[in-house]
Amino acid sequence: MQPLHLYNTLSRKKELFEPLNAPYVGMYVCGPTVYNYVHLGNVRTFLTFDTLYRYLTFIGYKVRYVRNLTDVGHLVGDGDEGEDKIGRMAKLEKVEPMEIVQRFTNDFHTVMAQFNTFPPSIEPTATGHMVEQIEAVQALLSKELAYESNGSVYFDIETYNQRGGNYGKLSGRILEDLLNDTRELDGQSEKRNPLDFAIWKRAAPEHIMRWNSPWGEGFPGWHLECTCMSTKYLGKQFDIHGGGMDLKFPHHECEIAQGDGLTGHDPVRYWMHSNMLTVNGQKMSKSLGNSFLPSELFAGSHYLLEQAYSPMTVRFFMLQSHYRSTLDFSNDALKAAQKGYRRLANGLRVIKSMSYKAGEGNEDETKQQDIRQAIQQFYEAMNDDLNTAVGIAQLFTLLKYINMLYLNQLQASVLGEEVFNLLKESFITFMQDVLGLKEEGTDNQPILEGLLTLYREYKDQRQYDKVDQIRSYFKAQGLAIKDMKHQIDWAYEE
Ligand code: AMP
Ligand code: ZN
C-alpha cells in the first residue's frame with residue numbers, strides 16, 4: 001500500500017510524508033481571530049485539520065497539535081494599518097478587549113465540540129506570548145533583517161531576499177507584481193519598501209491594546225505570533241503547518257520569512273491549505289455578508305437555509321469533498337448529505353450490536369475479497385492526500401454488507417469470523433475515530449427501547465391508534481420504526 005502522501009503548497013506536489021522525528025509529529029494550525037462568532041467557512045478549515053490530526057493519530061503517530069487563538073494584532077483589512085479587530089469590537093460593545101476574546105473563545109470551543117473535533121494539544125494565545133514576540137523583534141533587528149521607524153518595526157524584505165530568502169515562494173507571488181498592486185504612495189510610508197510588513201506597531205493614542213516595548217508602547221504584528229508560538233512549542237523546524245487557503249499570502253509567506261530570518265531554517269516541512277467554503281461561488285466571509293453561523297444552521301434560521309441541519313450532517317457534507325477543492329454550500333447538497341450520513345449512522349448503530357454467530361452458510365470468497373478491498377481502499381484514499389471523499393465511498397461498500405446482515409439476507413458465517421470482525425471493527429473505527437462521525441440524537445436510547453416494547457404490545461393487541469401515536473413520536477425525533485419480518489427496531493430516518 002502507498003504510504004501517506006500530503007500535498008505540499010510549497011512544492012506544489014504531493015509528497016511522501018516523512019516526519020522529522022517519527023513517531024512524533026508537530027502540527028501547527030492558525031486558529032481563529034476571536035473577535036466574532038466563527039462562521040461555517042471557518043469550521044471547514046478546522047474540520048480538515050481535525051481529520052488530519054485524527055488520521056495521523058490513528059496510523060500511529062504521536063501528534064503535538066498546536067492551534068493558536070489570535071487575540072491581538074490582527075487588524076481590520078488584514079494589513080498593517082487600521083484598528084485591531086478585537087479592539088474595534090471592544091469599543092463598539094463598550095467592554096474590555098479580553099471580554100470580547102473570552103466570549104468568542106467560548107463560542108469557538110462550543111462550536112468545535114458540536115462538530116466533534118478534538119481540542120488541540122496546546123492552544124496558545126498571542127497576548128500570552130508578548131515576551132517571546134518582543135524578543136523575536138529584537139533578534140530580527142540585531143540581524144538587520146528589520147528596522148525601526150517611528151516606533152514601529154518592519155521586516156526588511158529586500159535585505160532578506162539579498163541574503164538568499166525568497167519572499168513569495170509559498171504563494172507564487174512575484175515581487176514586482178506585488179509592488180505594482182500596492183496602494184501605498186512613495187514617500188508617505190514609514191516603510192523603506194512598500195512590501196515590508198510590521199512585526200511591531202506603535203500604538204496610536206486611541207488604540208486600546210498596547211504593551212511596553214523597547215520601541216515605546218505598541219503591539220505585535222499579526223504574523224509574528226504564529227512564528228513565535230510554533231517555534232516555542234514545535235521547534236525551529238516542524239512537520240506540518242495548516243490553515244485556510246486565504247492565509248497563504250501574506251500571513252504564511254511572512255511566517256516563512258520571519259522563521260527563516262530568525263533561525264536560518266525554513267520553519268515548516270509541509271505547508272497545507274484547505275480550500276474555501278463558498279456560497280454561490282463566492283468565499284463565505286463575514287465581510288461579504290454571506291456567512292452564516294453554526295447555530296443558525298442547527299436551527300435552520302437563516303434565509304439561505306430551507307431547513308435545519310445537524311452538526312454531523314454538516315461534518316459529513318464537508319468530508320464528502322476533498323479539502324483542496326472549493327465546496328459550495330447548497331440546500332440540495334446538504335439534504336443529500338443528511339440522507340447519506342443517516343444511512344451510515346444506521347449502519348454504525350446496528351453493527352455495534354452485532355456479533356459473530358456461526359451458521360450454515362459456506363464462506364464466500366468473492367464477498368470476503370470485496371470487503372477486504374474496500375478496507376484497503378479506505379486507507380489508500382486517506383494516504384492519497386487525505387481523500388475523504390473516496391474514503392467515504394468505501395464506507396458505503398461496507399454498509400451494503402452490514403445492511404444485508406441486519407436484514408438477515410446474509411449470514412455472518414458466509415463472511416467467516418475473521419472478515420466479519422474486520423468489517424465490524426473497520427466500519428466503527430473509520431467512521432468514529434478517523435472521520436469523527438458519531439451517532440446523533442440517541443441520548444434517550446433506553447426510552448426509545450421502552451417505547452418499542454409498548455409498540456410491540458399495542459400491535460399484538462391491535463390497538464393501532466396507539467401504534468400510530470408511537471410512530472409519530474419517533475418521526476418527530478427524526479427516527480423511524482422499522483417493522484420487519486424478523487424483528488421490530490428503530491432507525492434514523494433516511
Ligand atoms: P480568521 O478567524 O478570519 O482568521 O479565520 C480562521 C480560519 O478560517 C483561517 O484558517 C481561514 O483561512 C479560515 N477561513 C475563513 N473563511 C473561510 C471559508 N470561507 N472557507 C474555509 N475556510 C475559511
Ligand atoms: Zn497564523
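Owing to the predicted nature of the structure, the values given are computational and were not obtained by experimental measurement. Read the numbers this way: they start at 1 and go in the same order the structure lists the ligands and their atoms.
At least one test fails for R192 against the ring of Y154: distance under 6.0 Å to the centre or angle within 45° of the axis. A cation-pi geometry, defined here as NZ or CZ lying under 6.0 Å from the six-membered ring centre and within 45° of its normal, does not hold between R269 and F238.
Under 4.0 Å is where a charged nitrogen must lie from a carboxylate oxygen, and between R88 and D84 no such pair does.
Residue nearest to atom 16 (N) of ligand 1, selected from R67, K283, H273: K283 (by heavy-atom distance). The option with the heavy atom closest to atom 9 (C) of ligand 1, from among L247, N36, L277, is L247.
Any N or O atom pair closer than 3.5 Å counts here, and D246 shares at least one such pair with ligand 1. Between G244 and ligand 1, a contact under 3.5 Å exists for at least one N or O pair. At least one N or O atom of G41, backbone or side chain, sits closer than 3.5 Å to an N or O atom of ligand 1. At under 3.5 Å, a nitrogen or oxygen of T33, whether backbone or side chain, sits near a nitrogen or oxygen of ligand 1.
Considering Y53, Y55, F17 as possible partners of Y61, the one that fulfils the ring pair (Phe, Tyr, Trp, His ring centres under 6.0 Å) test is F17.
If you check the side chains of T70 and E225, you find a donor sitting under 3.5 Å from an acceptor.
For atom 15 (C) of ligand 1, the nearest non-hydrogen atom of the protein is N42 ND2, 3.2 Å.
The atoms of ligand 1 that sit less than 4.0 Å from any heavy atom of M284 are 16 (N), 18 (C), 19 (N). Against a heavy-atom cut-off of under 4.0 Å, N275 is close to the following atoms of ligand 1: 21 (C). Near T45, meaning under 4.0 Å from one of its heavy atoms, ligand 1 places the atoms 10 (O), 13 (C), 21 (C), 22 (N), 23 (C).
Excluding water, every protein N/O/S atom under 2.8 Å from the Zn ion (ligand 2) is given here by residue and atom: C30 SG, C226 SG, H251 NE2.
The shortest heavy-atom distance from V34 to ligand 1 is not under 4.0 Å. The shortest heavy-atom distance from H39 to ligand 1 is under 4.0 Å.
Residues forming a salt bridge (Lys or Arg N to Asp or Glu O under 4.0 Å) with K232 (at least two apart in sequence, or on another chain): E132. Taking E123 as the reference, R67 meet the salt bridge (Lys or Arg N to Asp or Glu O under 4.0 Å) condition, with sequence neighbours excluded. With sequence neighbours excluded, the residues that form a side chain to side chain contact (heavy atoms under 4.5 Å, CB included) with K62 are Y24.
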